[in-house]
*Asks:* 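So that we are looking at the same thing, I have put the structure below in structure tokens.
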4 protein chains.
Amino acid sequence: MTTTAERLRCDAARNRERVLAAALELYREHGPAFTVEEVATRAGVGIGTIYRRFPTKSALLDELARPYFERLLTTARAAQAHPAPAERLETFIRAMAEQHAVDGIRSGRLWDTTVARPLRDEYIRAVEGILADARAGGRVRADVNPHDVGVIIWTVSALIDATDRAVAEIWRRYLDLVLDGLRPGGDQPLTTRPITSADWESLVASGPVLRLGT
Amino acid sequence: MTTTAERLRCDAARNRERVLAAALELYREHGPAFTVEEVATRAGVGIGTIYRRFPTKSALLDELARPYFERLLTTARAAQAHPAPAERLETFIRAMAEQHAVDGIRSGRLWDTTVARPLRDEYIRAVEGILADARAGGRVRADVNPHDVGVIIWTVSALIDATDRAVAEIWRRYLDLVLDGLRPGGDQPLTTRPITSADWESLVASGPVLRLGT
Amino acid sequence: MTTTAERLRCDAARNRERVLAAALELYREHGPAFTVEEVATRAGVGIGTIYRRFPTKSALLDELARPYFERLLTTARAAQAHPAPAERLETFIRAMAEQHAVDGIRSGRLWDTTVARPLRDEYIRAVEGILADARAGGRVRADVNPHDVGVIIWTVSALIDATDRAVAEIWRRYLDLVLDGLRPGGDQPLTTRPITSADWESLVASGPVLRLGT
Amino acid sequence: MTTTAERLRCDAARNRERVLAAALELYREHGPAFTVEEVATRAGVGIGTIYRRFPTKSALLDELARPYFERLLTTARAAQAHPAPAERLETFIRAMAEQHAVDGIRSGRLWDTTVARPLRDEYIRAVEGILADARAGGRVRADVNPHDVGVIIWTVSALIDATDRAVAEIWRRYLDLVLDGLRPGGDQPLTTRPITSADWESLVASGPVLRLGT
DNA sequence: CATGAATGAGTCTTCATTCAT
DNA sequence: CATGAATGAAGACTCATTCAT
């Protein structure tokens with residue numbers, strides 16, 4: 001009995017993984033422009049099986065986003081652990097971009113996914129700490145705040161999405177420029193009011209950028 | 001006679017404009033995810049009328065892109081005419097972003113549209129001149145080339161698309177940082193090889209980013 | 001006044017001819033699978049002009065059939081005038097096939113067209129005379145009647161339609177065989193009852209074969 | 001298990017048959033001028049069900065053609081097995097016509113359908129054997145070849161299509177004449193060069209005659 | 001009268017989702 | 001539980017015909 005039940009659970013879990021793996025593959029290849037039936041075929045399961053696990057195609061895509069964000073979070077934690085606090089900010093931003101590039105999820109600006117919500121808080125807190133370290137070390141201009149960092153990472157991610165497949169690595173030049181701009185150096189002040197938490201929430205909640213599928 | 005002929009063309013032209021206006025509205029609201037029938041309804045014409053002027057939904061979207069690029073080109077020419085050559089580069093980049101923000105075409109990275117093709121050449125040439133001016137005036141670091149400028153503008157446009165509706169003006173902070181990075185100042189060298197013309201062509205030709213419709 | 005009126009009538013007549021010529025061309029090229037708009041373009045007139053002359057696309061096609069039948073009738077009359085009465089039947093059948101082949105109206109089994117109706121009577125009468133001549137000369141088996149001749153011509157026409165474009169002239173072998181079968185020679189009797197006038201009417205009126213367009 | 005699996009397949013198969021039956025009915029009634037939706041309605045299924053089995057309306061029509069050709073082939077094989085070799089040719093031609101008449105597929109000159117392709121070879125080979133038998137028995141004139149037989153059957157089929165619904169059996173008179181012409185008897189030689197294999201291919205491949213749908 | 005712009009019903013096809021087996 | 005068959009609401013596009021200019 002137990003065995004049977006476990007077997008079932010086991011099979012179910014494996015199926016779930018297969019479906020997610022197939023969906024991820026397809027997402028990497030085509031963005032959200034793939035069919036649920038294609039996922040089923042590639043996963044080697046029936047279409048009904050997918051709908052048993054995921055109520056909706058959109059829910060399936062959400063589930064794709066979760067590990068992506070977990071990997072990002074791991075990256076963020078690693079940067080926090082960097083021995084030289086002053087280096088943490090650049091290390092962090094570069095590592096995030098690198099991770100995004102490696103991850104292969106293109107057109108994957110998935111931050112407003114339901115699953116991303118809980119992760120975002122930890123993420124923001126991490127950024128706050130890292131930025132404070134950089135500031136203490138005099139490695140960042142005074143007028144940027146954690147949300148600026150979020151926007152930078154977001155933008156570079158979009159650039160990676162847009163270009164990495166066509167011309168790999170190009171985004172690095174761009175990232176270099178931005179990091180250069182981040183460093184202190186008697187530069188002209190930023191021309192717009194600081195980004196607030198509320199702004200950030202609005203951004204993340206705003207439909208168009210983040211819409212999945214269709 | 002002339003009057004009659006023109007009247008006809010007049011009405012037809014007005015309908016054409018109505019269709020384009022409706023399509024633009026819908027594009028601003030939903031990106032390319034709108035129905036030809038919606039366009040017809042909003043324009044107050046039959047569906048056949050749309051297909052009389054535009055052989056395809058995709059052609060209609062192309063036509064949407066055309067004035068957008070023409071406005072960008074006008075902006076570029078204006079920047080070239082700026083009295084102080086050294087100022088031209090920053091003026092140019094800011095003006096392009098501004099124009100894009102004002103234009104309201106969101107998710108509108110339309111550079112690979114058929115209609116954009118002929119405009120691109122003039123655009124690139126303008127950038128070359130402007131960059132040379134800035135370099136002569138010592139206002140830009142030595143290791144950036146015209147294609148870097150193209151990528152910058154492209155990226156900022158994407159950022160505007162993504163954020164301007166949710167939190168207006170935020171993109172300006174980002175742009176400030178990048179412009180700061182563009183200025184000379186003994187900064188760290190760029191970590192990746194320069195972008196070539198061929199890279200640029202690949203970028204622009206790469207389907208996924210720029211594909212309209214579907 | 002008169003001049004103007006005549007000019008008008010003249011222009012109108014010429015337009016009518018142009019439309020018919022364009023339609024015929026298109027019919028030869030594509031069968032009935034062409035657009036009214038294509039006719040207008042090729043004729044160099046507006047679409048409204050066509051609808052002024054011909055109430056319907058189908059009526060236009062009918063009008064195409066008229067000269068075709070008139071040519072056939074001329075052919076029939078010529079055969080009647082052949083000096084050797086006994087030769088008239090084969091001459092007639094061959095000439096009809098030839099005329100059909102030359103005419104170039106493919107998939108043009110137009111016998112049930114409204115315009116063909118009045119011509120059919122004269123046609124049948126001609127066949128009757130010709131057949132009587134052949135019979136008097138002992139050049140045709142006794143058990144065929146005028147309607148058999150009609151069916152033969154009809155069938156060969158269909159064969160021409162089907163094959164002449166792909167492999168010209170092949171239909172002649174076939175026609176030879178049939179003519180051979182028509183000649184007297186102690187052959188096996190025909191296995192089916194003679195075709196009556198009523199049969200002929202049914203045939204000609206039967207939809208599927210003759211349907212134009214769509 | 002097996003039962004379940006087969007049940008599924010069973011129902012699906014039944015639906016498939018229903019769809020084919022409905023399509024055949026409609027084809028008999030209207031030729032290819034019917035709607036996929038009509039098929040669905042008449043078959044009592046959703047439109048999607050049709051598209052699950054047949055990727056295209058054209059593929060559905062192909063599938064209609066398949067059994068038709070298989071029946072023809074069976075007929076051909078039966079004629080080859082006729083005890084008296086000399087009789088085989090006429091038996092064959094008559095049987096083919098008969099089968100076509102009974103089959104009820106009107107306007108069904110479907111020989112260039114994809115599904116017909118593989119059957120054609122066997123068909124031609126059968127005709128060759130049968131013709132040789134007839135020639136050995138002195139029952140056919142010397143100057144006809146297998147392709148002539150093909151053209152004869154094709155033409156008679158067209159005649160059946162055109163007339164059988166309006167006046168049943170009339171085609172038999174015609175067929176009698178042609179068979180008469182096929183027999184030897186010191187008749188006039190055929191006036192055109194023999195039909196070659198290449199001719200036959202051209203014929204079959206020539207679009208206009210055989211094109212299904214639209 | 002001529003023109004060609006406008007119309008919109010009708011066609012094929014796709015795909016997320018439900019449901020019988 | 002798994003399967004994959006069934007569903008049907010859209011969506012893009014065509015074309016005969018009408019009608020304003």
*Asks:* Nearest whole angstrom, please: distance from the P of dT17(F) to the NZ of K57(C).
*Replies:* 9 Å

*Asks:* What does F54(A) touch in the nucleic acid at a heavy-atom separation under 4.0 angstrom: a base, only the sugar-phosphate, or nothing?
*Replies:* nothing

*Asks:* Only stems of 3 or more consecutive Watson-Crick or G-U pairs count here, both distances under 3.5 Å; name the ones for DNA chain F, or none.
*Replies:* E:2-21 with F:2-21

*Asks:* What pairs with E29(C) under side-chain hydrogen bond (donor to acceptor under 3.5 Å, both in side chains), at least two apart in sequence or on another chain?
*Replies:* R42(C)

*Asks:* So does N15(C) get a side-chain nitrogen or oxygen closer than 4.0 Å to the phosphate oxygens (OP1/OP2) of dA2(E)?
*Replies:* yes

*Asks:* Look at all strands and tell whether R53(D) reaches a base, only sugar-phosphate, or nothing, counting heavy atoms closer than 4.0 Å.
*Replies:* sugar-phosphate

*Asks:* Are OP1 or OP2 of dT17(E) and a side-chain N or O of T56(A) less than 4.0 angstrom apart?
*Replies:* yes

*Asks:* Within the supplied structure, the quantity of interest is the number of heavy atoms (other residues, nucleotides, ligands) at a distance under 6.0 Å from E70(B) CD; does it exceed 12?
*Replies:* yes

*Asks:* Using the rule side chain to side chain contact (heavy atoms under 4.5 Å, CB included), only one of L24(D), L26(D), L20(D) pairs with V39(D); which is it?
*Replies:* L26(D)

*Asks:* Considering only heavy atoms, which members of residues 38-52 of chain A lie under 4.0 Å from some atom of DNA chain E?
*Replies:* I47(A), Y51(A)

*Asks:* Mind listing the side-chain donor-acceptor pairs of residues 43-54 of chain B below 3.5 Å, one per line with the distance, residues two or more places apart or on another chain?
*Replies:*
none

*Asks:* Under the rule for salt bridge (Lys or Arg N to Asp or Glu O under 4.0 Å), what residues qualify as partners of R16(C), not counting sequence neighbours?
*Replies:* E63(C)

*Asks:* What is the distance from CD of E37(C) to C1' of dT3(E), rounded to the nearest Å?
*Replies:* 11 Å

